[in-house]
Amino acid sequence: MPIKAELHCHIEGAASPDLAVSQARKYNVDLSALVRDGGYVWHDFTSFLAAYDVVAGLFRSEDDYVRLADHYLSSLARDGAIYAELFVSPDHARKAGLSPEAYIRALAEGMQRAAAKTGIESRMVVTGVRHFGVEAVEAAARFAARSRHPLIAGFGMAGDERVGDMEDFVRAFEIAREAGLGITVHAGEFGGWESVAAALDHLRPSRIGHGVRAVENTDLVKRIADEGVVLECCPGSNIALGVFPSLADHPLPRLLQAGCRVTLNSDDPPFFRTSLAGEYEATRRAFGFDERTLTSFTQTAVEAAFVDRKTRAQLLTRVPKPAARSASARKL
Ligand SMILES: Nc1ncnc2[nH]cnc12
Ligand SMILES: [Zn+2]
């Protein structure tokens, strides 16, 4: 089993249907339309985002978030992960009635509990939600910038990429960058290669959430490889949401072959009936990746993690060195 690390998982999207059902019981919410046969019910990106909002709304107290973070990270550690970044959304917390400060405090407590039990290291990436509007994304950036919480390490933007332009969010990302936060942004999932190019031009992230539709433009793929921008690939999510028809059609091997720095991630695992371990296993089976290539994804994730030098060095000692370096690892 390869050692794993994850850079891209939305914490509310990590809530299992069982946990959601138990939360719904606690708050007397009818979840029968949303959970069927042990899975979440949705049928396209828009209804997925709506389902996500409903599940997020079931986590309302600090205790709820402690449990959620502890539960997810502990399961990740059991699957062989040594590091994880959680995308956290103060907007979703506020909508559920919890202050962003209490939300972060609770998630941090859950992260620390998981670390104490399993040794898993983790950080938070405060995430603005694009379709909540420019003002909301800037407010999320301001919150991230002033928080100074030691486990808040980055800022990003998720949500509906079909809404607005990357340029609209320049100020939000400048606020976060000036505060010293790592920068990532969802692009090239429901937007084409132009969206990835615009993210690089205007927001200057070191990582791109998904980024996979960069494959539509060979010059852009070359730029991503040359600039060492890291792609947070989530193949299971892309297949579930219909971005590509099947894993066999997924561009991950082509991006890797072109010299792009690639990582494997679960995005919103139970929504897509996947897990981080499932992503490693599915890509091993679909593309014939050997242990060395799978480990190179973990190494790239640790290299691109929003952590200080000492933490990175400690994490790297836990990643086995490949006998010969793979194409993606050579770029590091
Ligand atoms: N796959 C995804 N794309 C955009 N926003 C998201 N929020 C949660 N999952 C997402
Ligand atoms: Zn995502």
Side-chain angles (χ1 to χ4, degrees), residues 6-17 20 34 39-40 42-59 68 72 76 84-93 95-96 107 123-133 136-137 140 154-164 166 169 172 182-192 195-196 198-199 203 205 207-214 230-244 250 252 262-276 278-279 301 304 306:
E6 178 162 70
L7 299 180
H8 187 135
C9 177
H10 303 260
I11 189 61
E12 287 83 2
S16 68
L34 191 68
Y40 290 119
W42 52 270
H43 57 274
D44 58 11
F45 186 48
T46 303
S47 64
F48 155 71
L49 289 173
Y52 180 97
D53 288 349
V54 172
V55 172
L58 298 170
F59 293 84
L68 177 57
Y72 180 62
L76 214 51
E85 280 176 24
L86 303 177
F87 287 3
V88 306
S89 169
D91 290 284
H92 282 94
K95 283 177 199 288
L107 289 169
R123 297 289 184 275
M124 289 180 262
V125 176
V126 170
T127 305
V129 181
R130 185 168 173 153
H131 55 272
F132 291 172
V137 175
F155 178 74
M157 181 169 70
D160 196 335
E161 197 184 343
R162 301 166 298 191
V163 174
M166 289 294 180
F169 301 97
I183 301 294
T184 178
V185 57
H186 282 57
E189 181 192 24
F190 283 90
S195 173
V196 180
L203 308 181
R207 304 186 338 216
I208 298 268
H210 301 284
V212 281
R213 288 185 57 190
V230 168
L231 301 179
E232 301 160 3
C233 290
C234 313
S237 159
N238 295 154
I239 307 315
L241 287 167
V243 178
F244 303 101
H250 197 278
L252 190 150
V262 168
T263 64
L264 274 180
N265 305 275
S266 67
D267 207 6
D268 305 282
F271 283 86
F272 307 137
R273 296 185 183 263
T274 189
S275 64
L276 184 60
E279 296 296 319
F306 296 148

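We count ligands from 1, going down the list as the structure has it; atoms in each ligand are counted the same way. Just so you know, these numbers use all the heavy atoms, side chains as well, and skip hydrogens, waters and symmetry mates.
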Q | With Y72 via side chain to side chain donor-acceptor pair (under 3.5 Å) - residues at least two apart | A | E6, S266
Q | For F132, ring pair (Phe, Tyr, Trp, His ring centres under 6.0 Å) partners two or more places apart | A | H92
Q. What distance separates I208 CD1 from R213 CZ, expressed to the nearest 0.5 Å?
A. 14.0 Å
Q) Nearest 0.5 Å, what's the CD-NE2 distance between E232 and H210? A) 8.5 Å
Q.
Under a 3.5 Å threshold, yes or no: a donor from one side chain and an acceptor from the other, between S89 and E12?
A. no
Q. How are the rings of H250 and F244 set relative to one another: parallel (under 30°), tilted (30 to 60°) or perpendicular (over 60°)?
A. perpendicular
Enumerate, one pair per line, all nitrogen or oxygen atoms of ligand 1 lying under 3.5 Å from a protein nitrogen or oxygen, stating the separation to 0.1 Å; write 'none' if no such pair exists.
{"from": "ligand 1", "atom 1": "1 (N)", "to": "E189", "atom 2": "OE2", "distance (Å)": "2.9"}
{"from": "ligand 1", "atom 1": "1 (N)", "to": "D267", "atom 2": "OD2", "distance (Å)": "2.8"}
{"from": "ligand 1", "atom 1": "3 (N)", "to": "E189", "atom 2": "OE1", "distance (Å)": "2.8"}
{"from": "ligand 1", "atom 1": "3 (N)", "to": "E189", "atom 2": "OE2", "distance (Å)": "3.4"}
{"from": "ligand 1", "atom 1": "5 (N)", "to": "G159", "atom 2": "N", "distance (Å)": "2.9"}
{"from": "ligand 1", "atom 1": "9 (N)", "to": "D268", "atom 2": "OD2", "distance (Å)": "2.7"}

Q) Counting N and O atoms only, with roles assigned by atom type, does the side chain of N265 sit under 3.5 Å from a partner on the main chain of C234, one being a donor and the other an acceptor? A) no
Q: Find the distance between CZ (F272) and CZ (F48) and round it off to the nearest 0.5 Å.
A: 3.5 Å
Q) Near the Zn ion (ligand 2), which protein N/O/S atoms are found at less than 2.8 Å? A) H8 NE2, H10 NE2, H186 NE2, D267 OD1
Q. Sub-3.5 Å donor-acceptor pair from the side chain of E161 to the main-chain atoms of F190, do we have one?
A. yes
